[in-house]
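In what follows, a single structure is set out as structure tokens and then discussed.
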Amino acid sequence: AASDVYKRQYLIRSMQAEPISPTVPFHSIIGTGKFSVKKPLIERTDLIVSYQSAHLKDAQSELTVPAWHNLHKYDETITEVGEILKKHNK
């Protein structure tokens with residue numbers, strides 16, 4: 001919940017300050033809201049996190065889903081997570 005974010009603000013800021021290791025592959029799935037599909041991507045938001053904030057440079061892949069912050073419930077997201085897991089299952 002958004003209220004939990006404020007409680008853990010120190011943890012989040014600390015995590016944001018650390019770079020992602022170049023040896024760790026990562027992917028990004030970002031909710032972009034349902035009402036902003038006609039806006040430029042950089043202006044979209046899921047009403048909790050903006051695309052600009054959620055975008056991670058050097059991600060191996062990035063999927064944007066027209067969903068709110070609960071995008072983990074959408075078929076498109078579930079399918080993408082499955083594909084990512086298959087890709088990295090060696």
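Residue Lys57 holds its NZ atom at 11.0 Å from CD1 of Ile20, rounded to the nearest 0.5 Å.
Under the salt bridge (Lys or Arg N to Asp or Glu O under 4.0 Å) criterion, Glu83 pairs with Lys86, sequence neighbours left out. For the side-chain hydrogen bond (donor to acceptor under 3.5 Å, both in side chains) test, no residue two or more places apart in sequence or in another chain qualifies with Gln52. Remark: Phe35 pairs with Trp68 by the ring pair (Phe, Tyr, Trp, His ring centres under 6.0 Å) rule, at least two apart or across chains.
For the pair Leu41 and Thr32, the minimum side-chain heavy-atom distance is below 4.5 Å. Side-chain contact between Lys39 and Tyr51 is absent, with no heavy-atom pair separated by less than 4.5 Å.
The nearest pair of heavy atoms linking Thr45 to Val49 is OG1-O, 3.3 Å.
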Please tabulate, one pair per line, all N/O donor-acceptor pairs under 3.5 Å involving side-chain atoms of residues 22-31, not counting sequence neighbours.
residue : atom : partner : partner atom : Å
Thr23   : OG1  : Ser21   : OG           : 2.8
His27   : ND1  : Ser61   : OG           : 2.6
His27   : NE2  : His88   : NE2          : 2.6

List the atom pairs, donor and acceptor, that lie under 3.5 Å between side-chain atoms in residues 69-77 and the rest of the protein, sequence neighbours left out.
residue : atom : partner : partner atom : Å
His69   : ND1  : Asp46   : OD2          : 2.6
Tyr74   : OH   : Lys34   : NZ           : 3.0
Thr77   : OG1  : Leu71   : O            : 2.8

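Both Leu63 and Leu85 are assigned to one and the same hydrophobic cluster, defined by single-linkage of ILVMFWY side chains at heavy-atom distances under 4.5 Å.
Between the side chain of Arg44 and the backbone N or O of Gly33 there is no donor-acceptor pair closer than 3.5 Å.
Counting side-chain heavy-atom gaps under 4.5 Å among Ile, Leu, Val, Met, Phe, Trp and Tyr, Ile78 is found in no cluster with other residues.
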